[in-house]
Structure formats: structure tokens, C-alpha cells
Amino acid sequence: MTQQQAIEKFLDDIETYGHNFEKFTQVKARPAELGEFIETFTLDGKETQNYAKENDYVITNIGGSNEQYIMPETTLKKRYKHIEDDLYQSIGECRGIEYFGPEINLKTSWGQNMVLKNGDMIVTPLPQRNEVYRIAREEFKKTYRMID
């Protein structure tokens, strides 16, 4: 499923039936090396992969399964507040719903596949609402809380 198809399929339900959540945990962030390859694993297996571009960061979640992922510097600045050294406090919010259904291969906004599984959260970032993505069930429970 392309990102556009996912937006068309899920965004109306997310807006209508979803809730707003905030990520309350801290992360570690370091500048990525150009072309660095990162595979993201959650407690239920491989989630996705990505290659670092210029001005990208490697993010390591401190809560959850300590998964790593690549994030552009602009997104890091929108979703995290620098605390000290490589430590950042999450300030990002999303709107989401729990997904019930068969596994779906979802194309991410960065062009890689991600498997959406029954019980995962399907979310869109706030306030942008410009993409949808999966957050694995267990990691979501450990790192997000409802704010509405």
C-alpha cells in the first residue's frame, strides 16, 4: 500500500474515531553518517529500514525496545527538545487509532516497507497530518499516553 493509499484509507477514521497522544519518553540522538544503514526492530520483529541522508540523525528510543531509526534534523527539531549532550525529550504529538485487520505492507514516507499488524496503532503526526505510519503495539504502550 502506497503512502497516498494509506492516507486515503486511514486518515478519515483517524480523524473521526482517533485520540490525540503524546510521546512522553526521552531519546538519544546522534548525527548519522551519510549513507548509514539502520534497521529498526521492535519487540515483535523488524519494522523497517532506512539509509541516512545529509543532516539526518539516528534516534534511539530509551523506552520500549530501544529501537533505532533515522530522522531528518528538521523533524528532530519539531518533535524533540534538546536536554543535554545526546539526550532529547519528546514533545511530539500524534492522532491515532488501533488497527484491527490483516497484516498490510505499508510504504513509509521515506520509501521503505513497514508491516502494519493487528493491534498496532496507525497514526498521523500533529499538527501536520501529512502521513500515516505504524507504531508497534508494545512500544506504543510504553512510550505514548492519551492527551484528549
Practice problem: Kindly determine whether Ile97 and Ile14 satisfy side-chain contact (heavy atoms from CB on, under 4.5 Å), including the steps that lead there. | Solution: CA-CA 6 Å; Ile97 56 173; Ile14 291 171; 3.9 Å; yes
Practice problem: Answer yes when Asp148 and Arg95 have at least one side-chain N-carboxylate O distance shorter than 4.0 Å, and no when they do not. | Solution: yes
Quiz item: With the threshold set at 4.0 Å, does a side-chain nitrogen-carboxylate oxygen contact exist between Lys142 and Glu139?
Solution: no
Other residues, nucleotides, ligands: >12 heavy atoms within 6.0 Å of [X] [atom1]:
X	atom1	answer
Lys117	NZ	yes
Glu54	CD	no
Lys53	NZ	yes
Phe37	CZ	yes
Lys77	NZ	no

I'd like to know if the side chain of [X] reaches the main chain of [Y], judged simply by a donor and an acceptor atom lying under 3.5 Å from each other, with no hydrogens or angles considered.
X	Y	answer
Thr108	Asn113	no
Thr124	Glu131	yes
Gln3	Val132	yes
Asp120	Ala136	no

Quiz item: Tyr80 pairs by side chain to side chain contact (heavy atoms under 4.5 Å, CB included) with which of Gln89, Gln26, Lys23?
Solution: Lys23
Quiz prompt | Exercise: do Asp56 and Tyr51 side chains pair donor with acceptor under 3.5 Å | solution = no
Practice problem: Might you point out which heavy atoms bring Asn118 and Gly101 nearest each other, and give the distance in Å? | Solution: OD1-N, 2.9 Å
Practice problem: Measure across His82 and Glu84 and return the closest heavy-atom pair with its distance rounded to 0.1 Å. | Solution: NE2-C, 3.6 Å
Quiz item: Using 30° and 60° as the class limits, which term best fits the ring planes of His19 and Phe21: parallel, tilted or perpendicular?
Solution: perpendicular
Exercise. Show your working on side-chain contact (heavy atoms from CB on, under 4.5 Å) between Asp13 and Ile122 and close with a plain yes or no.
Key: CA-CA 10 Å; Asp13 283 347; Ile122 183 83; over 6 Å; no
Exercise. Carefully, step by step, assess Thr48 and Tyr133 under the rule side-chain contact (heavy atoms from CB on, under 4.5 Å).
Key: CA-CA 11 Å; Thr48 190; Tyr133 54 91; over 6 Å; no
Quiz prompt | Passing candidate, side chain to side chain donor-acceptor pair (under 3.5 Å) with Thr60, options Gln68, Glu67, Lys28 | solution = Gln68
Quiz item: Does the side-chain contact (heavy atoms from CB on, under 4.5 Å) test come out yes or no for Ile59 and Ile70, once each step is laid out?
Solution: CA-CA 6 Å; Ile59 308 299; Ile70 292 175; over 6 Å; no
Quiz item: In the single-linkage hydrophobic clustering (I, L, V, M, F, W, Y; side-chain heavy atoms under 4.5 Å), do Ile38 and Val27 co-cluster?
Solution: no
